[in-house]
Amino acid sequence: MRGMYIHIPFCHQICHYCDFNKVFFKNQPVDEYIESIGNELTIMANEGHSFEGLETVFLGGGTPTSLSEGQLDRLLEIIHQHVDVSALREFSTEANPDELTRGKLSVLKSGGVGRLSIGVQSFDEQLLKRIGRTHSADTPARVIQDAREIGFENISIDLIYGLPEQTVQQWEETLDKALALDLPHYSGYSLIVEPKTVFYNLMNKGKLPLPGEDIEAEMFSMLMDRMTKAGRRQYEISNFALPGNESIHNLIYWDNDEYAGIGAGAHGYLKGRRYANFGPLRKYMESMDTGARPVMESNEVTITEAMEEEMFLGLRKSEGVSLQSFKSKFGKSLTEEYGIVLAELSGKGLVSESEGSIKLTRKGIFRGNEVFQQFLK
């Protein structure tokens, strides 16, 4: 494995668009859950999974920063018991602006965390309330200043466009404020309305006024142009960074390499198998009483599926899919396997070959899902 993802499913507020495995923090067995993370890591080690050579650890959620300082400290202590944090290339955590106190920042920093991924989403006060966020528009700037003073340099923020009733002007103003922070990394995602969310229920009732595809495309184009002008390279469809500040952990996903998924509802990819842990907290914690990993389902990835994943994950990157790497991995050339598909996509101006790789064109970036589907047999 190259990376490790650890899921913290607790939230003090559930955002209207979120479909990740999460629960309200209040009255939950938070301390017991943290100890269960250690139990899962111990069981994995006993089963022969080695954490030596691990490149990244990523704390996600839910909201890792929903934990108290003491709980965060205990979580990090457990991680240190199993992972040589000093040898990692990257140790990241997701964070909510209004939960990232100076005390928690200090705990994270002293525990070896070096990268913050902060869920800002918007700098518009009305939009923040509309999507269920609890921080104000001016909170991120203050928190980022605190983080810098404590010693964090590798900081990223998430932004969302295509929000209900969001205008192009509002999006432009959010980009202005985001870029004024002069961060090394930005992520910009279009809103996707997922089942089992507040927005999904509103949409089914006809009460979710979304901007529309043309306006969303204009927002995406503005995002790419503004980031490029600011020197942030679009190294993946939704991610922009100064050179050398790309998310190493997320690149593991897009490189189709193996990683461990730890925690309730976490997904992983180890020894040629993709797996998912039990989602309900009690089921996750109790499933380890027998000394077995809390895996709900596990499937071997066939060679055909692995090649498909190599294409639709790899094409998300600006560097695309390497012809040489594909042949090295699968023992056959990319054009031998997908020659007809590539010819059709190239004819439509959606992909091109350069520098020994197949890449999306700018037109292809806008129609990425259409391109990716062509590689699914």
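Heavy-atom basis, side chains included; hydrogens, waters and symmetry copies ignored.
A centroid separation of less than 6.0 Å is found between the aromatic rings of F220 and F366. Taking the centre of each ring, F240 and Y235 stay at or above the 6.0 Å mark.
At distances below 3.5 Å, not a single donor-acceptor pair connects side-chain atoms of E297 with backbone N or O atoms of A276. A donor-acceptor pair under 3.5 Å is absent between the side-chain atoms of E90 and the main chain of S247, judged by distance alone. Looking at T63, its side chain never comes within 3.5 Å of a backbone N or O of S66 through a donor-acceptor pair. Here the side chain of Q170 pairs no donor or acceptor atom with the backbone of V168 at under 3.5 angstrom. In this structure, R232 contributes its side chain and A230 its backbone to a donor-acceptor pair below 3.5 Å. K104 places a side-chain N or O within 3.5 Å of a backbone atom of T65 that can act as its donor or acceptor partner. No donor-acceptor pair under 3.5 Å is formed between the side chain of Q28 and the backbone N or O of F25. Under a 3.5 Å cut-off, the side chain of T228 and the backbone N or O of D225 do not form any donor-acceptor pair.
With no hydrogens or angles considered, no side-chain donor-acceptor pair links R74 and S68 at under 3.5 Å. Looking only at atom types and distance, the side chain of D84 has a donor-acceptor partner in the side chain of S86 under 3.5 Å away. Counted by atom type alone, R274 and S298 present zero donor-acceptor pairs between their side chains at under 3.5 Å. With 3.5 Å as the limit, one finds a donor-acceptor pair spanning the side chains of D31 and Q71. Side-chain contact check for Q145 and E149: at least one donor-acceptor pair (N or O, by modelled atom type) lies under 3.5 Å.
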Note to self: As a quick check of understanding, evaluate side-chain contact (heavy atoms from CB on, under 4.5 Å) for I6 and I8, giving each step before the final call.
What the structure shows: CA-CA 7 Å; I6 300 176; I8 308 300; 4.2 Å; yes
### side chain to side chain donor-acceptor pair (under 3.5 Å) assessment of N96 paired with R133
CA-CA 9 Å; N96 274 350; R133 302 295 286 173; 3.0 Å; yes
message: Set out, in order, the CA-CA distance, both residues' side-chain angles and the distance that settles side chain to side chain donor-acceptor pair (under 3.5 Å) for E40 and N277, then state yes or no.
response: CA-CA 10 Å; E40 185 177 0; N277 282 350; 2.9 Å; yes
Output, in order, the C-alpha distance, side-chain angles, deciding distance and verdict of side chain to side chain donor-acceptor pair (under 3.5 Å) for T56 and R2.
CA-CA 7 Å; T56 68; R2 287 184 58 198; over 6 Å; no
ask   = Could you walk me through whether S136 and T139 pass the side chain to side chain donor-acceptor pair (under 3.5 Å) check?
value = CA-CA 5 Å; S136 62; T139 304; 2.8 Å; yes
* For H185 and R115, what are the C-alpha separation, side-chain angles and deciding distance, and is it a side-chain contact (heavy atoms from CB on, under 4.5 Å)? -> CA-CA 10 Å; H185 191 285; R115 183 176 186 272; 3.6 Å; yes
task = Starting from the C-alpha separation in whole Å, work towards a yes-or-no answer on side-chain contact (heavy atoms from CB on, under 4.5 Å) for F123 and D138.
result = CA-CA 7 Å; F123 285 95; D138 60 354; over 6 Å; no
task = Could you check W171 against Q166 for side-chain contact (heavy atoms from CB on, under 4.5 Å), going step by step and ending with a plain yes or no?
result = CA-CA 7 Å; W171 177 237; Q166 185 181 30; 3.7 Å; yes
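Placement of I157 and L128 in two distinct hydrophobic clusters is found when ILVMFWY residues are connected by side-chain heavy-atom separations under 4.5 Å, directly or transitively. Hydrophobic clustering (ILVMFWY, side-chain heavy atoms < 4.5 Å, transitive): L315 and L323 are in one cluster. In the hydrophobic cluster analysis, where Ile, Leu, Val, Met, Phe, Trp and Tyr join through side-chain heavy atoms closer than 4.5 angstrom, V341 is grouped together with L376.
Residues I237 and L360 are in side-chain contact: their nearest non-hydrogen atoms beyond the backbone lie under 4.5 Å apart. With contacts defined as side-chain heavy-atom distances shorter than 4.5 Å, the pair K271/H49 qualifies. A 4.5 Å side-chain heavy-atom check between S322 and S357 finds at least one atom pair inside the cut-off. Q373 has its side chain out of reach of F375: every pair of non-hydrogen atoms, C-beta onward, lies at least 4.5 Å apart. M1 places a side-chain heavy atom less than 4.5 Å from the side chain of M44.
Contact between I150 and S106 at its shortest, heavy atoms only, is CD1-OG, 3.8 Å. Residue D257 comes nearest to K329 through the heavy atom pair OD1-NZ, 3.8 Å, listed as atom of the first residue, atom of the second, then distance. Among all heavy-atom pairs drawn from G231 and L242, the shortest one is O-CD2, 3.5 Å. Smallest separation of non-hydrogen atoms from L342 and V351: O-CG2, 4.0 Å. Closest approach of L159 and S122 over heavy atoms only: CD2-N, 4.5 Å.
Remark: R293 qualifies as a cation-pi partner of Y275 under the 6.0 Å distance and 45° angle criteria applied to the six-membered ring. Within the cation-pi definition used here (under 6.0 Å to the ring centroid, within 45° of the axis), K283 qualifies as a partner of F278.
Between R130 and E165 there is a salt bridge, since a side-chain N of the basic residue sits under 4.0 Å from a carboxylate O of the acidic one. Remark: E236 engages R316 in a salt bridge, criterion side-chain N to carboxylate O under 4.0 Å.
Aromatic ring orientation, Y253 versus H249: perpendicular (interplanar angle above 60°, classes split at 30° and 60°). Using cut-offs of 30° and 60° for the angle between ring planes, the Y284 and Y33 rings count as tilted. Between Y338 and F326, the ring planes lie perpendicular to each other; the angle is over 60°, past the 30° to 60° tilted range.
From E309, atom CD reaches atom CG of D255 across 13.0 Å, with rounding to the nearest 0.5 Å.
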